[in-house]
Amino acid sequence: MTESESVTVLIVDDDESVVQLFRRWLEDDYDVVTALDGTEALEVLEREPVDIVLLDRRMPGISGDDVLETITGQEMDCQVAMVTAVEPDLDIVRMGFDDYVVKPPTREGIHRTIANLLARRDQSEVLQEYWSLLSKRGVLLEESTESELSDSDEFAELEERIASLRDKLEDEKHRMGEDVEFLTALRNIEDEARIE
Amino acid sequence: MVDTVDEYEAGADFPIPELSTVEAGHNVLLVGPPAADPRSFGLRLIGGGIAQDQGVLVITLGGDAKSILEEYQSVADSGGQATVTVIDCSGTETPPTGLDERQYLSVQSPSSLTDIGISFVEYEDTHASRFVGTRVLVDSITKLLEHVPEDRAFEFISAFVGRFATAGHLGVWTMDVSAHDKQIVSTFEELFDVIVEFRKDEDTIEYRLRGRETESTEWSAVTES
């Protein structure tokens with residue numbers, strides 16, 4: 001994702017002061033929409049494209065967990081950070097959210113969470129592109145002679161692109177050191193695999 | 001963060017001299033036809049030369065925990081048996097004979113990618129912290145591909161390879177070359193630091209090495225001392 005593309009963040013919390021606080025922190029950098037309960041959140045999600053949802057877990061009526069279930073159940077194309085009072089344990093990764101914010105949130109923490117989510121989306125795209133270029137190269141290697149390949153500008157470009165993507169992935173390898181990062185990546189892959 | 005070593009030593013009788021030591025955090029792919037039995041080399045690599053304070057983990061995607069364990073026990077250095085843990089992805093919930101319940105983690109299916117990850121993190125939390133250095137064998141990419149689409153399997157392996165690299169583990173992976181198109185094999189090879197290719201010619205098993213940081217070698221015979 002490039003800087004110029006606008007990112008829409010939906011803030012969901014039954015505490016209006018929290019919503020206002022988040023809005024103030026985020027509105028300079030992102031398009032912000034808000035909802036004060038689960039029902040309203042689902043209405044927003046049906047109405048407009050949302051990239052990231054900051055979702056309070058505990059709300060009266062339709063809870064954050066219920067909203068999350070709808071988002072994952074309907075395979076909506078958005079990332080979800082749960083705003084929780086406690087650090088979730090490993091099992092909670094199964095629930096289907098992409099990150100979490102521990103209360104009380106800080107301005108820096110919220111920005112970091114959103115930046116992580118966007119980077120992760122990028123990384124998954126980089127991996128997908130890497131895979132598809134490698135497959136393409138495999139086919140070329142299979143079907144062309146060595147001299148055809150060494151004369152081909154297109155093949156040289158392909159090799160270059162593959163090398164640059166590999167460097168990018170190497171740089172981001174350290175992300176996998178974090179448990180939640182690692183497991184969330186696996187969960188996303190599993191979800192995608194199931195859809196295919 | 002788990003303590004680790006700088007490099008892992010293969011056992012003294014390991015027949016591939018180029019792998020006598022492997023840098024910590026490196027992932028090695030052993031690829032060959034079943035006749036050349038790449039897995040047996042993998043088991044020897046994780047089971048041989050282990051210092052008492054290293055951990056060993058086998059992630060079996062093929063549902064043959066029992067035979068893997070037996071083979072492991074026959075090749076492991078003394079002390080190796082006590083430190084092996086198996087993540088069994090066949091849905092079986094009881095450990096094979098000879099394995100303590102604490103050394104056994106069960107996952108419903110090879111397609112339960114998140115659960116494999118959770119089991120691995122649980123292993124690290126409960127076991128790896130006791131060890132300095134951990135060796136992991138994942139057997140096999142071929143079995144994974146029976147359950148998961150190729151592009152997603154690629155991402156899954158990439159995540160684990162990254163995880164092993166950052167933790168300083170030794171990652172050893174196997175793949176049955178006869179089960180896939182050449183092109184698929186070469187695509188997956190890109191994820192690994194070292195690739196050892198095996199082939200069997202009449203009675204002789206031969207191998208050669210390739211890799212980003214490894215000099216390629218010609219085919220040479222595996223000679224057991």
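Heavy-atom basis, side chains included; hydrogens, waters and symmetry copies ignored. Below, read A as the first sequence line, B as the second, and so on, with proteins coming before strands; counting in each chain starts at 1. This structure is a prediction, so every number in the text was calculated from the model and none was measured.
Neither the backbone nor the side chain of A:Arg194 comes within less than 4.5 Å of any heavy atom of chain B. When heavy atoms are compared at a cutoff of 4.5 Å, A:Leu141 does not approach chain B at all. With a 4.5 angstrom heavy-atom cutoff, A:Glu142 touches chain B only via side-chain atoms.
Within 6.0 Å of atom NZ in B:Lys66, 12 or fewer heavy atoms from other residues, nucleotides or ligands are found, so the atom counts as exposed in its surroundings. Taking a 6.0 Å sphere around CD of B:Gln108, one finds it holds 12 or fewer heavy atoms contributed by other residues, nucleotides or ligands.
Here the CZ-CG distance, from B:Arg44 to B:Leu30, works out to 12.0 Å after rounding to the nearest 0.5 Å. Atom CG of B:Leu57 is separated from atom OG1 of B:Thr60 by 11.0 Å, given to the nearest 0.5 angstrom. Taken to the nearest 0.5 Å, the OG1 atom of B:Thr126 stands 10.5 Å off from the CZ atom of B:Arg102. Distance check, rounded to the nearest 0.5 Å: CZ of B:Phe120 to CG of B:Asp125 gives 10.0 Å.
Interface check for chain A: of the options B:Phe154, B:Phe156, B:Phe164, the most heavy-atom pairs under 4.5 Å are formed by B:Phe154. Counting heavy-atom pairs under 4.5 Å between each of B:Ser112, B:Ala153, B:Ser186 and chain A puts B:Ser112 at the top.
Scanning residues 135-150 of chain B against chain A with a 4.5 Å heavy-atom cutoff picks out B:Val148, B:Pro149, B:Glu150, ordered by number. Contacts of residues 20-45 of chain A with chain B at a heavy-atom distance below 4.5 Å are absent; not one residue qualifies.
You'll find the side chain of B:Tyr104 reaches within 4.5 Å of the side chain of B:Thr92, heavy atoms only. Side-chain atoms of B:Val84 and B:Leu69, non-hydrogen and from C-beta on, do get closer than 4.5 Å to each other. Between A:Cys78 and A:Ile52 there is no side-chain heavy-atom pair separated by less than 4.5 Å. Annotation: side chain of B:Ile116 is in contact with side chain of B:Ile59 (closest heavy-atom distance under 4.5 Å).
A salt bridge is absent between A:Arg121 and A:Asp77: the closest approach of a Lys/Arg side-chain nitrogen to an acidic carboxylate oxygen does not fall below 4.0 angstrom.
The aromatic rings of B:Tyr207 and B:Phe198 are tilted relative to each other, their planes meeting at an angle between 30° and 60°.
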